[in-house]
Amino acid sequence: MASVSEMYDVGWEEMRDKLRKWREDNCRNSEQIVDVGEELIGEHSAKLGDDIWIIYEQVMIAALDCSRDDLALTCLQELRKQFPDSHRVKRLSGMRLEALERYDEANKHYDAILQDDPTNTAARKRKISILKAQGKSPEAIRELNEYLEQFVGDQEAWHELSELYINEHDYGKAAFCLEELMMSNPHNHLYCEQYAEVKYTQGGLENLELSRKYFAQALRLNNRNMRALFGLYMSASHIAASPKVSAKVKKDNIKYSAWAANQINRAYKVSCDFFRKDLNALNPLI
Amino acid sequence: MIGTRFLQSGAAVMGEVELSCRAYVKMYLHACLFPRCSVNGLLLSSSSAGGAVCVTDCVPLLHSHLSLAPVTQLALTQVDVWCSQTQQRIVGYYQANACASDCSPTQAAMKIADKIAEQFDGAVVLMLDGSKMSPDYRVPPIVMYERKDSRWMLKDKHTIMLRQWEETHGIAIQMLESGDHSLLVDFDSHLDDITRDWTNQKLNAKIAELASPANGNI
């Protein structure tokens with residue numbers, strides 16, 4: 001089988017830089033990381049200098065994701081040798097046990113870290129991940145809520161909590177989490193759009209109007225967000241069709257939905273001439 | 001054991017569900033493309049109503065926020081329109097849960113299934129069993145539900161037919177191993193980039209190519 005460097009005609013420096021980029025962007029393209037990382041470690045470890053340790057960590061986690069326990073163990077052993085008392089490495093040991101579904105042992109690892117250092121957020125998050133993997137959603141939610149009382153600025157945790165609530169159909173609480181995220185990230189169009197989707201799902205006139213507002217806000221932040229555009233069209237159409245709204249509100253929403261429909265048509269016309277969308281068919285929406 | 005015998009063409013038996021190679025392979029590849037997410041999609045039929053339900057195709061829908069309404073409603077409407085243009089109908093719903101050991105349908109899944117059942121009497125819910133999807137499993141990793149007296153009941157395995165199962169299974173594994181699952185476009189991906197085709201014509205062509213000529217209409 002051809003090596004990565006042969007297939008893509010890249011040198012070891014480019015491979016190292018690619019790995020760094022994936023680290024910085026927090027990508028979960030584990031199969032690629034394993035391909036590139038395994039070759040880099042195997043053939044060029046001497047050239048990597050101190051970078052090698054963070055690469056071992058990155059490749060180890062990716063290897064776990066791809067059920068490559070052989071590779072994961074190799075990386076872990078190198079890290080253990082170099083950093084024998086490290087909590088960070090102990091967490092990686094725990095993650096390997098999680099991948100092998102040895103959850104009780106993994107929990108022991110994390111509890112040991114927390115005994116030593118009660119503020120270790122990584123260990124706490126791993127324990128919550130174990131609850132999630134075991135399908136214990138209510139417990140995961142409870143633990144995550146407790147965590148957030150202490151670490152109220154942890155964006156990743158708020159988002160994880162919103163996902164858990166959405167899966168449990170607890171849309172009110174999911175909306176609350178997304179509100180926290182929107183407050184601290186006012187320019188993030190994805191949070192606005194997700195919030196709008198949750199509101200739309202909750203239903204009822206007030207929620208629909210809120211959803212329309214936040215779909216519109218998401219579009220202001222990113223006018224190419226198709227979900228927000230469709231969401232604006234659908235929420236405005238529903239509001240306009242509601243018997244409970246005033247004539248003015250009806251008129252306004254017909255205008256918004258017509259604008260959105262126009263934008264959608266334009267986007268499709270520009271993008272794919274063979275794939276015309278008949279938007280009149282979208283009208284009977286429920 | 002799910003029935004894998006050859007069916008005479010036109011042997012339409014009440015209560016039986018036939019799953020085509022194309023439908024199975026695309027569902028399988030959809031689940032493999034997003035192994036860390038729950039995925040879902042719609043089951044389609046190009047056959048006339050009555051007798052066995054023949055699932056001839058599927059449309060992969062989502063790999064995130066399966067229980068949120070807007071994108072699901074949008075997708076259902078668009079697929080409906082496409083079906084009426086192509087003489088197909090929506091006959092069911094499939095889902096593969098993120099947690100491989102859990103193949104029970106979610107609340108959101110049943111809501112969508114109810115909607116489909118309003119338009120089509122013999123609607124089915126198909127759950128992919130994540131724990132049985134690896135290549136060494138010789139049995140279709142499928143659990144199906146059908147509606148009886150307004151309740152969804154587990155369907156008898158003997159009434160689920162997969163034509164040429166060995167070959168279908170082989171095609172699915174082969175396409176996974178050659179990375180073809182990355183060609184699959186679900187509705188979620190389409191919304192991320194609307195130039196991508198959620199009807200998956202390219203993938204359909206590849207599957208047809210791999211299926212043996214003896215299969216006839218796949």
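Each chain gets a letter, A, B and so on, in the order its sequence line appears, and its residues count up from 1.
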Engineer: Rounded to the nearest 0.5 Å, how far does OG1 of A:T201 lie from CD of B:Q73?
Structural biologist: 8.0 Å
Engineer: When you look at CG of B:D156, are more than 12 heavy atoms from neighbouring residues, nucleotides or ligands closer to it than 6.0 Å?
Structural biologist: yes
Engineer: For B:R151, is the CZ atom crowded, meaning more than 12 foreign heavy atoms sit under 6.0 Å from it?
Structural biologist: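 12 or below, so no.
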Engineer: Is chain A contacted by the side chain of B:A108, its backbone, both, or neither, given a heavy-atom distance below 4.5 Å?
Structural biologist: both
Engineer: Within a reach of under 6.0 Å around CG of A:D9, are more than 12 heavy atoms found that belong to other residues, nucleotides or ligands?
Structural biologist: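 No, CG of A:D9 has 12 or fewer neighbouring heavy atoms, counting only those of other groups under 6.0 Å.
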Engineer: Counting only heavy atoms not in A:D104 (residues, nucleotides, ligands), do more than 12 fall under 6.0 Å from its CG?
Structural biologist: no
Engineer: Less than 4.5 Å to any heavy atom of chain A: does that hold for the side chain of B:D80, its backbone, both, or neither?
Structural biologist: neither
Engineer: Starting at CD of A:E31, measure out to OG of B:S182 and round the result to the nearest 0.5 Å.
Structural biologist: 10.5 Å
Engineer: Take a 6.0 Å sphere around CG of B:D136 and say whether it holds more than 12 heavy atoms from other residues, nucleotides or ligands.
Structural biologist: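 Yes, CG of B:D136 has more than 12 neighbouring heavy atoms, counting only those of other groups under 6.0 Å.
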Engineer: Does OH in A:Y103 sit with more than 12 non-hydrogen atoms of other residues, nucleotides or ligands closer than 6.0 Å?
Structural biologist: yes
Engineer: Does the distance from a Lys or Arg side-chain N to an Asp or Glu carboxylate O, for A:R224 and B:D193, drop under 4.0 Å?
Structural biologist: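 Looking at A:R224 and B:D193, the cut-off is not met.
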Engineer: For A:Q202, is it the side chain, the backbone, both or neither that has a heavy atom under 4.5 Å from a heavy atom of chain B?
Structural biologist: neither
Engineer: Name the member of B:L66, B:D102, B:D192 that forms the most heavy-atom pairs with chain A at distances under 4.5 Å.
Structural biologist: B:D192
Engineer: Do the side chains of B:S101 and A:E101 get nearer than 4.5 Å, heavy atoms only?
Structural biologist: no
Engineer: Within a 6.0 Å radius of atom CD on A:E206, are there more than 12 heavy atoms belonging to other residues, nucleotides or ligands?
Structural biologist: no
Engineer: Got a second to check how far A:K199's NZ is from B:L68's CG, nearest 0.5 Å?
Structural biologist: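 It is 12.0 Å, given to the nearest 0.5 Å.
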Engineer: What's the separation between atom NE2 in B:H190 and atom CE in A:M226, rounded to the nearest 0.5 Å?
Structural biologist: 7.0 Å
Engineer: Treating B:S67 as the side-chain partner and A:I166 as the backbone partner, does any N or O pair qualify as donor plus acceptor under 3.5 Å?
Structural biologist: yes
Engineer: Is it the backbone or the side chain of A:N225 that comes under 4.5 Å from a heavy atom of chain B, or both, or neither?
Structural biologist: neither
Engineer: Once rounded to the nearest 0.5 Å, what's the spacing between atom CZ of A:F230 and atom CD of B:Q78?
Structural biologist: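 It is 5.0 Å, given to the nearest 0.5 Å.
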Engineer: Mind listing the closest non-hydrogen atom pair of B:C99 and A:A133 along with its distance?
Structural biologist: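 Looking at all heavy atoms of both residues, the closest pair is SG-O, 4.1 Å.
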Engineer: Tell me whether the count of non-hydrogen atoms from other residues, nucleotides or ligands lying under 6.0 Å of OH in A:Y214 goes above 12.
Structural biologist: no
Engineer: Without swapping roles, check the side chain of A:R227 against the backbone of B:P70 for a donor-acceptor pair under 3.5 Å.
Structural biologist: no
Engineer: Could you state the interatomic distance from NE2 (B:H65) to OG (A:S162), rounded to the nearest 0.5 Å?
Structural biologist: 6.0 Å
